[in-house]
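This chain uses plain numbering: 1 for the first residue, then up along the sequence. In what follows, every heavy atom counts, from backbone to side chain, and hydrogens, waters and symmetry copies are set aside.
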Amino acid sequence: AAKPPQTPPKVELHLKHGQKPGEIHLSVPAAATMAQVKVLLIQKLGRGSVDRVQLVKKVGNTFTPYDDEELLGGRREIHVLGMTLTPAVPRAGDAAGAGGEEAAEHERLDGVPAHV
């Protein structure tokens with residue numbers, strides 16, 4: 001009999017902004033690559049772009065980016081550049097920067113709690 005696929009073990013990752021206040025905890029697969037961590041971070045925050053987000057390590061007074069293919073390994077704290085680390089909260093009437101359909105969607109949802 002085939003065994004059901006096992007869920008890969010997850011680890012708690014602490015992401016801190018490199019230059020501004022802000023941090024977030026994220027549960028990620030222990031075998032995740034940095035590219036996968038970026039995608040999970042963007043999904044959790046509800047905004048951002050994989051092209052703009054950088055996961056970096058602090059070396060002296062500078063930040064050195066991790067390669068997307070690099071494995072998370074034993075790291076449990078990573079610095080982030082390229083986005084603020086607070087969840088996206090649509091504001092009433094804030095359609096700037098949103099596409100036409102998205103803007104219409106936000107307008108229809110005004111006044112409706114985001115978490116039902």
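Val56 forms part of a hydrophobic cluster together with Phe63, Leu81, judged by ILVMFWY side-chain heavy-atom separations under 4.5 Å. Under the 4.5 angstrom side-chain criterion for Ile, Leu, Val, Met, Phe, Trp and Tyr, Leu71 has no cluster partners at all.
Between Val37 and Ala32, the shortest heavy-atom distance links the atoms CG2-CB, 4.2 Å. For the residue pair Lys20 and Thr84, the shortest heavy atom distance occurs at NZ-CG2, 4.1 Å. In terms of heavy atoms, Pro29 sits closest to Leu72 at O-CD2, 4.3 Å. For the pair Thr33 and Glu69, the tightest heavy-atom approach, listed with the atom from each and the gap, is CG2-O, 3.9 Å.
Between Gln54 and His79, every side-chain heavy-atom pair lies at or beyond the 4.5 Å cut-off. Looking at Leu85 and Leu41, their side chains come closer than 4.5 Å, going by heavy atoms from C-beta outward. Within the 4.5 Å cutoff, no side-chain heavy atoms of Ser27 are placed close to those of Leu40. Within the 4.5 Å cutoff, the side chain of Arg75 has heavy atoms near those of the Glu70 side chain. Counting only heavy atoms from C-beta outward, the side chains of Glu23 and Leu15 never approach each other to under 4.5 Å. Annotation: side chain of Ile78 is in contact with side chain of Tyr66 (closest heavy-atom distance under 4.5 Å).
Under a 4.0 Å N-O distance rule, the pair Lys57/Glu77 does not qualify as a salt bridge.
The CG atom of Asp68 sits 9.5 Å away from atom CE of Met34, with the distance rounded to the nearest 0.5 Å.
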Leu45/Met83 under side-chain contact (heavy atoms from CB on, under 4.5 Å): CA gap, chis, key distance, verdict: CA-CA 10 Å; Leu45 293 177; Met83 73 184 312; 3.4 Å; yes
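Annotation for Arg76: atom CZ counts as buried by contact number, over 12 foreign heavy atoms lying within 6.0 Å.
Among pairs with a residue in residues 20-46, those fulfilling ring pair (Phe, Tyr, Trp, His ring centres under 6.0 Å) read His14-His25, at least two apart in sequence or across chains.
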